[in-house]
Amino acid sequence: MAHFTISEAALGDKLKQASRAYGLDTTKAATAHAAKSVLQALKPHLPPYVVVGGLAFDPKLRETEDADIVAIRHVSNREIQTAFKTVAPRLALQGITLKDLSHEPREMPMEYGEAVNRWRVQATTGGIRTNFDLDIGYANGPLARTTEPTVSRRIPSIVKGLPDFHGYIQPKSTAAAQKLLAVLMQPASDLRVKHLADLVHAELWPAELNCDVVAKEVARVCAQRGIPLSVCQEDPEALRWIIMARLEENWEKDGAERRTGKTMFQAWTDVGIIWAGVHEELRNNVIREVRRPDYRPTLLHNIIEAPKHEVPAYKPRFWRQKINIQKNIQKVCFIPPMDQPYFLRATFRSPGEIQ
């Protein structure tokens with residue numbers, strides 16, 4: 001894209017024609033093109049990053065209006081401001097005019113994991129207003145290493161004659177695991193259907209994607225973000241129809257049925273089948289891990305399996321009890337404190353017979 005130039009009017013016409021041809025929303029298609037062009041131009045000015053979210057899918061199948069990336073370190077506001085000033089003239093030659101960028105990022109706290117910094121980008125693409133959010137997260141360390149290798153991939157453009165988008169893109173198994181967890185942890189007040197629609201959209205996922213790899217990614221994402229594995233129940237409450245039925249109205253409004261070709265009830269059935277396979281692999285992975293010859297118990301297992309010490313019996317401070325058993329005669333003696341008179345002495349030969 002560095003050596004590609006096109007006028008703003010020509011780009012606008014091409015985007016409108018492509019949107020009509022594929023049945024896409026023109027504004028969303030133009031916004032996705034602007035976001036990809038910005039990320040492509042920012043690549044030399046930012047630390048290495050991975051593209052996640054909606055931009056990681058084929059734009060013909062998945063519409064989006066946001067740009068989400070995960071960098072290997074925190075990206076400062078100064079780096080972003082300097083980078084946008086540098087790439088603005090280059091983007092203008094590609095028919096994209098950057099109007100404004102938020103002066104400070106907005107920190108988006110997450111329930112689990114690191115917070116995400118969000119910058120608001122205002123731009124026009126081919127004369128079409130294309131404002132989008134640029135979300136930059138941070139992930140590093142052993143737990144940030146995905147099961148499948150993260151490689152540079154190329155996503156074809158919807159507009160004929162425009163260069164394709166290429167870069168390091170999140171593996172499909174990681175995307176599937178994150179969307180599964182998002183559906184399982186979706187609160188009752190959240191009526192969005194995009195995660196569920198993406199999960200049951202068969203054309204978004206490669207045929208070779210299996211539940212074993214997704215299960216490993218579910219466990220890794222939970223460990224990385226500190227998500228308790230208790231959300232991965234065999235029969236989660238979030239997947240029950242009485243809970244899922246609240247999304248039926250938005251399923252029709254957002255066009256999820258048109259994109260996926262499935263009704264809400266069919267989507268609920270499919271996601272239940274998907275989770276059953278992933279949960280089975282999660283259980284099998286735990287069994288295989290424990291049965292490995294080089295398996296070492298974790299600190300938590302050592303604490304649980306540590307020998308329990310008996311708690312000493314409570315001894316009264318002022319009373320002493322002495323029990324003498326001689327054949328069939330049992331004597332129970334209560335010795336009061338020295339400052340109180342001896343008041344009770346009972347002997348009995350058998351239970352129930354007291355003398």
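Counting from 1, the numbers follow the sequence of the chain as shown.
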- Could you walk me through whether T125 and Q94 pass the side chain to side chain contact (heavy atoms under 4.5 Å, CB included) test, one step at a time? CA-CA 9 Å; T125 304; Q94 302 174 9; over 6 Å; no
- Query: Any donor-acceptor pair under 3.5 Å linking the side chain of D190 with the backbone of Q186?
  - Reply: no
- Look at atom NZ of K60 and say whether more than 12 heavy atoms of other residues, nucleotides or ligands are closer to it than 6.0 Å. yes
- Query: Closest heavy-atom contact between F132 and E65?
  - Reply: CB-O, 3.1 Å
- Query: So, the side chain of Q81 versus the backbone of S102: is there a donor-acceptor pair under 3.5 Å, distance only?
  - Reply: yes
- Task: Go through the steps to decide whether W268 and R240 satisfy the test side chain to side chain contact (heavy atoms under 4.5 Å, CB included), and finish with yes or no.
- Result: CA-CA 8 Å; W268 169 69; R240 297 177 183 175; 5.6 Å; no
- Search all heavy atoms of A176 against all heavy atoms of L209 and return the closest pair with its distance. CB-CD2, 4.3 Å
- Query: With distance as the sole test, does Y49 use its side chain to make a donor-acceptor pair with the main-chain N or O of L39 at under 3.5 Å?
  - Reply: yes
- Message: Quiz question: by atom type and distance under 3.5 Å, do the side chains of Q170 and Q178 form a donor-acceptor pair?
- Response: yes
- Query: Looking only at atom types and distance, does a side-chain atom of Q266 sit under 3.5 Å from a main-chain N or O of T263, one as donor and one as acceptor?
  - Reply: yes
- Item | ILVMFWY cluster, L180 and V213 together (side-chain gap under 4.5 Å) | no
- Sub-4.5 Å side-chain heavy-atom contact between L91 and L98: yes
- Message: Quick check: closest heavy atoms across K43 and G167, and the distance to 0.1 Å?
- Response: NZ-CA, 3.9 Å
- Query: What orientation do F57 and W205 show, parallel under 30°, tilted 30 to 60°, or perpendicular over 60°?
  - Reply: perpendicular
- Message: Apply salt bridge (Lys or Arg N to Asp or Glu O under 4.0 Å) to residues R73 and E79 and explain how you reach the verdict.
- Response: CA-CA 12 Å; R73 64 169 176 82; E79 287 180 282; 2.8 Å; yes
- Atom pair CZ/CG of R20 and L15 - distance to nearest 0.5 Å: 11.0 Å
- Message: Determine whether a donor-acceptor pair (N or O, by modelled atom type, separation under 3.5 Å) exists between the side chain of N140 and the backbone of I72.
- Response: yes
- Message: With a 4.5 Å cut-off on side-chain heavy-atom distances among I, L, V, M, F, W and Y, is there a chain of contacts connecting L204 to I155?
- Response: no
- How many angstroms lie between OG1 in T269 and CD1 in I274, if you round to the nearest 0.5 Å? 11.0 Å
- Side chain proximity check, I69 to V50, heavy atoms < 4.5 angstrom: no
- Message: Can you see whether T31 engages T130 through a side-chain donor-acceptor pair at a distance of less than 3.5 angstrom?
- Response: no
- Message: Using a 6.0 Å cut-off, check whether atom CZ of R106 has over 12 heavy atoms from anything other than its own residue.
- Response: no
- Is R192 close to N250 at the side-chain level, that is, under 4.5 Å between some pair of heavy atoms? no
- Query: With a 4.5 Å heavy-atom cut-off, do Q40 and H166 have their side chains touching?
  - Reply: yes
- Item | Backbone of V200 reached by a side-chain donor or acceptor of K262 within 3.5 Å | yes
- Query: To the nearest 0.5 Å, what is the distance between CG (D270) and OG1 (T260)?
  - Reply: 9.0 Å
- Is atom OH of Y112 surrounded by more than 12 heavy atoms (other residues, nucleotides or ligands) closer than 6.0 Å? yes
- Query: Should I128 and I96 be counted in the same cluster of Ile, Leu, Val, Met, Phe, Trp and Tyr side chains packed under 4.5 Å apart?
  - Reply: no
- Task: Using a strict 4.0 Å threshold on nitrogen-to-oxygen distance, state whether R120 and D133 make a salt bridge.
- Result: yes
- Given the rule that I, L, V, M, F, W and Y join up when any side-chain heavy atoms are under 4.5 Å apart, are W251 and M244 in one cluster? yes
- Message: Is it the case that the side chain of D25 and the backbone of T27 share a donor-acceptor pair, with hydrogens and angles ignored and the cut-off at 3.5 Å?
- Response: yes
- Item | Trace of the side chain to side chain contact (heavy atoms under 4.5 Å, CB included) decision for R129 with N131 | CA-CA 6 Å; R129 187 173 62 178; N131 301 335; 3.7 Å; yes
- Message: Using the rule given for ring pair (Phe, Tyr, Trp, His ring centres under 6.0 Å), can you reason through F84 versus W119, listing the C-alpha separation, both sets of side-chain angles and the distance that settles it, and then say yes or no?
- Response: CA-CA 11 Å; F84 267 83; W119 284 267; 8.5 Å; no
- Item | Donor-acceptor contact below 3.5 Å, side chain S7 vs main chain A10 | yes
- Query: In terms of heavy-atom contacts, does CD of E249 have more than 12 from other residues, nucleotides or ligands at under 6.0 Å?
  - Reply: no
- Item | Distance (rounded to the nearest 0.5 Å) between I169 CD1 and R153 CZ | 4.5 Å
- Message: As a test of understanding, state which of V116, L134, N117 forms a side chain to side chain contact (heavy atoms under 4.5 Å, CB included) with P105.
- Response: N117
- Note on the structure: Output for pair (R258 CZ, E252 CD), nearest 0.5 Å, gives 13.5 Å
- Item | Contact check, side chains of D66 and D135, non-hydrogen atoms, under 4.5 Å | no
- Report yes if some heavy atom in the side chain of L11 is under 4.5 Å from a heavy atom in the side chain of H33; otherwise report no. yes
- Presence of salt bridge, E203 and R62, under 4.0 angstrom: no
- Item | Least distance between heavy atoms, I158 atom then Y22 atom | O-CE1, 3.5 Å
- Message: Before you tell me yes or no, could you show the steps for V218 and L181 under side chain to side chain contact (heavy atoms under 4.5 Å, CB included), namely the whole-Å CA-CA distance, both residues' side-chain angles and the distance that decides it to 0.1 Å?
- Response: CA-CA 7 Å; V218 168; L181 289 173; 4.0 Å; yes
- Task: Give a yes or no on whether Y168 atom OH has more than 12 heavy-atom contacts from other residues, nucleotides or ligands under 6.0 Å away.
- Result: no
- Message: Would you say that more than 12 heavy atoms from the other residues, nucleotides or ligands in this model lie under 6.0 Å from the CD of E237, or not?
- Response: no
- Query: So do N285 and D212 actually touch side chain to side chain, heavy atoms under 4.5 Å?
  - Reply: yes
- Measure across K172 and A56 and return the closest heavy-atom pair with its distance rounded to 0.1 Å. CE-O, 4.1 Å
- Task: Taking the side chain as every heavy atom from C-beta outward, state whether W275 and E234 have any pair of such atoms under 4.5 Å apart.
- Result: no
- Query: Between E217 and R220, is there a salt bridge with N-O shorter than 4.0 Å?
  - Reply: yes
- Message: If hydrophobic clusters are built by linking Ile, Leu, Val, Met, Phe, Trp and Tyr wherever their side-chain heavy atoms come under 4.5 Å apart, do V121 and I136 end up in the same one?
- Response: yes
- Task: Nearest 0.5 Å please: distance from the CD1 atom of I80 over to the NZ atom of K85.
- Result: 13.0 Å
- Item | Within 6.0 angstrom of R145 CZ, more than 12 heavy atoms from elsewhere | no
- For L184 and P236, which heavy atoms make the closest approach, and how far apart are they? CD2-CG, 3.6 Å
- Counting N and O atoms only, with roles assigned by atom type, does the side chain of H74 sit under 3.5 Å from a partner on the main chain of Y138, one being a donor and the other an acceptor? no
